[in-house]
Amino acid sequence: MRETWIVGAATNRFGRMAESAREAAARVALEAIDRAGLTPKDIDHTFVSNAFGMAEHQGHLGPLLNTALGIPEVPSCTIESACSSSSAGLHEAFVHVAGGFADAVLVVGAEKLSHLDTLTATSYFATGADFPFETRNGATFPGLYATLASAYRNAFPLPPETLAQVAIKNHANAALNPHAHFQKEISLETYLNSPIVASPFRLYDCCPFSDGASAIVVAAKEFVRRPTSTPLVVAASVRTGSIVDMHDRPDLWGLPASRRAGELAFRAAGLTPKEIDFLEVHDCFTIAELLALEDLGFYPRGAAGAATRDGETARKGRLPVNPSGGLKAKGHPVSATGVAQVVEVFEQMNGTAGARAVARTETALTHNVGATGGSCSVHIFRRG
Ligand SMILES: CC(C)(COP(=O)(O)OP(=O)(O)OC[C@H]1O[C@@H](n2cnc3c(N)ncnc32)[C@H](O)[C@@H]1OP(=O)(O)O)[C@@H](O)C(=O)NCCC(=O)NCCS
């Protein structure tokens, strides 16, 4: 396999976009290519994700994006894997570059949903669950993740303020992030006074519906030779799957796809959790951050809550988790999320993360989940 690098990265501010997903995708793609010191003509292949293109009556985004970039002849493909769509795109790009099938691949994720009301957006998102067995019977993502939180709470200690601490930490990080949807801190009082969405979740346990776009350029070390930024070396790129239906899983104390992805990624990278400096994990709901930390082997089962309360996962803690603000507060424009996690690693490793910079940036891990864990991506990066 060829050594594979991330050589350029860009994202816009998540939240509400005036432009379409297609326009935003083209703009961030050009920024990422420019930051890589390349031109669109260097791109051999484009993977684009836009899971809810139906909200803008637009599919087949790849050739439209490549046409906007002036490279209509370049092959493209739309990758859909629910909330893990663009990290699945990164994995495909890795396979192409590491395997020698392409020298430089563009990976883009974009989503625009803010023009939909909450009910419509919720019903679109619910298409990521199993329609006959889950969605048709009223399940929504807040409800499904609340079920995971309840199961966890029945089996392991989860004092009431633990989930609040995840939200407070991630809002504090997002307050320092100019790309974030919510650039404001919240207090315990604000959290406790917010409405219940799906017990035990309150408003601040949930990620919002966000618009956003993000892009990265994945390239072979031998093709780039003299990078214009500090490249990220892709030390591991792993995709896994699992049973979609929660009622068919042996337990609900974590996500089987995350556990397996973590094991395989650490094995591929030749590293252990202790050797990771910081991470971006899939915190679509507060419980999901705790499950991820345990599934990936950073804490034993039942121990991530206490570590969070002790400040270990804070930006200045022993293991900074979601310095970007995470899905919870940076926002979750579904298809843009997986690549945006890598943009955060790129900015941290290049020293351009500004006020939200973490202390150690030699190694990082990103973890991106599709829906309730039917699919999962884990990537490990080393500073190049
Ligand atoms: C939590 C949720 C139900 C709130 O929706 P809502 O009640 O319709 O909220 P609104 O859009 O009317 O917003 C009301 C206020 O709350 C804020 N808000 C909305 N969602 C928020 C969130 N998740 N966290 C913090 N604040 C939020 C809005 O900015 C707005 O603030 P303002 O009054 O200061 O302008 C919705 O954001 C949601 O369903 N989130 C989960 C999305 C999801 O399932 N994603 C997939 C994950 S797998």
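When reading the values below, keep in mind they use all heavy atoms of this one structure, side chains included, and skip hydrogens, waters and symmetry mates. One-based numbering, in listed order, for ligands and for the atoms of each.
Each of the atoms 44 (O) of ligand 1 lies under 4.0 Å from some heavy atom of P142. Against a heavy-atom cut-off of under 4.0 Å, K328 is close to the following atoms of ligand 1: 24 (N), 25 (C). Which parts of ligand 1 touch F285 is read off a 4.0 Å heavy-atom cut-off, strictly below it: atoms 44 (O), 47 (C). Interface of P208 with ligand 1, defined as ligand atoms under 4.0 Å from a residue heavy atom, comprises 23 (N), 37 (O). Atoms of ligand 1 lying under 4.0 Å from at least one heavy atom of Y204, given by number and element, are 25 (C).
For atom 40 (N) of ligand 1, the protein comes within 4.0 Å by at least one heavy atom. Under the 4.0 Å distance rule, the nearest protein heavy atom to atom 45 (N) of ligand 1 falls inside the cut-off. Protein heavy atoms are absent from the space less than 4.0 angstrom from atom 14 (C) of ligand 1. Under the 4.0 Å distance rule, the nearest protein heavy atom to atom 8 (O) of ligand 1 falls inside the cut-off. At a distance under 4.0 Å, a protein heavy atom can be found next to atom 37 (O) of ligand 1. For atom 24 (N) of ligand 1, the protein comes within 4.0 Å by at least one heavy atom. Within 4.0 Å of atom 32 (P) of ligand 1, not a single protein heavy atom is present.
For atom 21 (C) of ligand 1, the closest non-hydrogen atom of the protein is L203 CD1, 3.6 Å. Given atom 11 (O) of ligand 1, the protein heavy atom at minimum distance is T118 OG1, 4.0 Å.
Distances between N or O atoms of C206 and those of ligand 1 include at least one value under 3.5 Å. Ligand 1 has no N or O atom lying under 3.5 Å from any N or O atom of C83, backbone or side chain. Every N/O-N/O distance between T122 and ligand 1 stays at or above 3.5 Å. At a 3.5 angstrom cut-off on N or O pairs, H332 does not count as close to ligand 1.
Side chain of N12 to main chain of G212: no donor-acceptor pair is present (N/O by atom type, distance under 3.5 Å, no hydrogens or angles). In this structure, E56 contributes its side chain and A21 its backbone to a donor-acceptor pair below 3.5 Å. When atom types are taken as modelled, the side chain of R259 and the backbone of G297 share no donor-acceptor pair closer than 3.5 angstrom. No donor-acceptor pair closer than 3.5 Å links the side chain of S335 to the backbone N or O of G109.
A centroid separation of 6.0 Å or more is found between the aromatic rings of F285 and F141. Aromatic rings of H91 and H96 (six-membered ring for Trp) have centroids beyond the 6.0 Å cut-off, not under it. Aromatic rings from F47 and H45 are positioned such that their centres are separated by under 6.0 Å. Checked against the 6.0 Å centroid threshold, H247 and F133 count as a close aromatic pair.
S49 and E80 share no donor-acceptor pair across their side chains, judged by distance under 3.5 Å alone. Checked by atom type, the side-chain pair S242/R260 shows no donor-acceptor distance below 3.5 Å.
A salt bridge is absent between K328 and E289; no separation between the charged side-chain nitrogens and carboxylate oxygens falls under 4.0 Å. Look at D103 and R2 and you find a salt bridge, because one of the NZ, NE, NH1 or NH2 atoms lies within 4.0 Å of a carboxylate O, short of that distance.
Closest heavy-atom approach to atom 43 (C) of ligand 1 among the candidates Y145, F182, F201, F125: F125. In the candidate list L144, I186, V197, V197 is nearest to atom 3 (C) of ligand 1, counting heavy atoms.
Contacts between A329 and ligand 1 below 4.0 angstrom, taking non-hydrogen atoms only, are absent altogether. Counting heavy atoms closer than 4.0 Å to ligand 1, residue L327 contributes nothing at all.
By the 30° and 60° cut-offs, the orientation of the rings of F381 relative to H379 is parallel.
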